[in-house]
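Step one of this worksheet: look at the structure below.
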Amino acid sequence: MTPPTDRDTASSSAPAVPAAHRQAKYQVRFDWGTAGAIAVAADADVVVWVDALPLPTEPTEPEHPAVPHVPGEGAVLAAGLTNAPAVARWILDEQVRLGRRAMIALVGAGATASDGSPRFAVDDLLAAGAVVDELASLGIDYCSPEAAAASAAFTGLRGAVAHLLTASVSGQESIAAGAAPAEVAAGGRLGSSDTVTVLRASRQSGARPPE
């Protein structure tokens, strides 16, 4: 939802990530913000930057401010609730292309608190859970506890997602900034878009070109 803050980007020069934080034994991992990307994305074949309610002025192409801070050689995709099924299908296709199990890191964008520190965003939790749930429906289901908890949050609240987006802190901020409630609620329409935005193409040999 927001570009990385100075506090976030400082993490890129931090000491080595503890092994437990990498969630490395799991095919599907989940963490938050730039620091979370550094923790779980270094060996990922696909990184999913999850931002259910991006700022209207936030770029979605390769100049997206999060991309330079995502480590590794894997593709970076943008995801929300609206395109979660399409993102999951893209990942399955990439796994088939690789001819092996693809390692997937989901990273919740989160938001920024009034003091400039990172803030949890329930909209991004639900969107990440939707992607995890869609991946599981395609047989990609070896999830870390963090990814499994996000999926459980989404599946348990699936029927109220549009309401939760408009009622959430991020949704209310968007409305206060001039967005119509219906526009915010539209961000909760699961599968309403088949668009998969590739923020960074895979830098692995023989990678698929951006769509």
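Note: hydrogens, waters and symmetry copies are ignored here, and every other heavy atom, side chains too, is used.
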*side chain to side chain contact (heavy atoms under 4.5 Å, CB included) between L190 and V161, intermediate numbers included*: CA-CA 9 Å; L190 183 69; V161 165; over 6 Å; no

*By side-chain contact (heavy atoms from CB on, under 4.5 Å) - contacts of A185 (at least two apart)*: A162, T166

_For D43, side-chain hydrogen bond (donor to acceptor under 3.5 Å, both in side chains) partners two or more places apart_ = R29

Under 3.5 Å, sequence neighbours excluded: what are the donor-acceptor pairs made by side chains of residues 142-155?
{"unit_1": "S144", "atom_1": "OG", "unit_2": "Q23", "atom_2": "OE1", "d": "2.6"}
{"unit_1": "S144", "atom_1": "OG", "unit_2": "E146", "atom_2": "N", "d": "3.4"}
{"unit_1": "S144", "atom_1": "OG", "unit_2": "E146", "atom_2": "OE1", "d": "3.4"}
{"unit_1": "S144", "atom_1": "OG", "unit_2": "A147", "atom_2": "N", "d": "3.1"}
{"unit_1": "T155", "atom_1": "OG1", "unit_2": "S151", "atom_2": "O", "d": "3.1"}
{"unit_1": "T155", "atom_1": "OG1", "unit_2": "A152", "atom_2": "O", "d": "3.3"}

_Closest contact, heavy atoms only, A79 versus V87_ = CB-CG2, 3.9 Å

*Look at the side-chain heavy atoms of Ile, Leu, Val, Met, Phe, Trp and Tyr, link any pair under 4.5 Å apart, and say whether V28 and Y26 land in one connected group.*
no

*How long is the gap from CH2 on W49 to CZ on R200, to the nearest 0.5 Å?*
12.0 Å

*Find the distance between CG (L125) and OG (S168) and round it off to the nearest 0.5 Å.*
11.5 Å

*Residue pairs passing the ring pair (Phe, Tyr, Trp, His ring centres under 6.0 Å) test where at least one lies in residues 96-135, sequence neighbours excluded*: W32-F120

*Hydrophobic cluster identity match, L138 and F30, side-chain contacts under 4.5 Å*: yes

*Should L92 and V50 be regarded as members of a common hydrophobic cluster, given that ILVMFWY residues are connected when their side-chain heavy atoms come within less than 4.5 Å of each other, either directly or indirectly?*
yes

_Quick check: closest heavy atoms across D115 and S117, and the distance to 0.1 Å?_
OD1-OG, 2.6 Å

*Check step by step if side chain to side chain contact (heavy atoms under 4.5 Å, CB included) holds for D31 and H21.*
CA-CA 9 Å; D31 211 322; H21 294 197; 5.6 Å; no

_Minimum side-chain heavy-atom gap V48-I91 below 4.5 Å_ = yes

_For M103 versus A24, what's the shortest heavy-atom pair and its separation?_
CE-O, 3.9 Å

*asked:* So does I104 get a backbone contact from the side chain of Q27, meaning a donor-acceptor N/O pair under 3.5 Å?
replied: no

_Pairs touching residues 98-110 that satisfy side chain to side chain donor-acceptor pair (under 3.5 Å), sequence neighbours left out_ = D45-R100

*asked:* Looking at every heavy atom in both R22 and V17, which two are closest together, and how far apart are they?
replied: NH2-O, 3.0 Å

*Can you see which heavy atom on A179 is nearest to which on V184, and at what distance?*
CB-CG2, 4.0 Å

*Any side-chain heavy atom of S174 within less than 4.5 Å of one from E183?*
no

*ring pair (Phe, Tyr, Trp, His ring centres under 6.0 Å) partners of residues 165-202, not counting sequence neighbours, each pair once*: none

*Matching residue for V76 among T197, V46, L199 - test: side chain to side chain contact (heavy atoms under 4.5 Å, CB included)*: L199

*Given side chain to side chain contact (heavy atoms under 4.5 Å, CB included), test N83 with L77 step by step and report yes or no.*
CA-CA 11 Å; N83 71 340; L77 312 179; over 6 Å; no

*What pair of heavy atoms forms the shortest contact from G187 to L165, and how long is it?*
C-CD2, 3.4 Å

*Given side chains that start at C-beta, do those of L53 and E173 come closer than 4.5 Å, heavy atoms only?*
no

*Distance in Å, L106 CG paired with L135 CG, rounded so as to fall on 0.5 Å steps*: 7.0 Å

*Does Q172 have any side-chain contact (heavy atoms from CB on, under 4.5 Å) partners at least two apart in sequence or in another chain, and if so, which?*
I175

*Taking D124 for its side chain and A111 for its backbone only, find out whether a donor-acceptor pair lies under 3.5 Å.*
no

*Could you note down all residue pairs passing salt bridge (Lys or Arg N to Asp or Glu O under 4.0 Å) where residues 71-87 supplies at least one of them, sequence neighbours left out?*
E73-R203

Please list every donor-acceptor pair under 3.5 Å in which a side-chain atom of residues 126-134 meets a protein atom from a residue at least two apart or in another chain.
{"unit_1": "D133", "atom_1": "OD2", "unit_2": "R158", "atom_2": "NH2", "d": "2.9"}

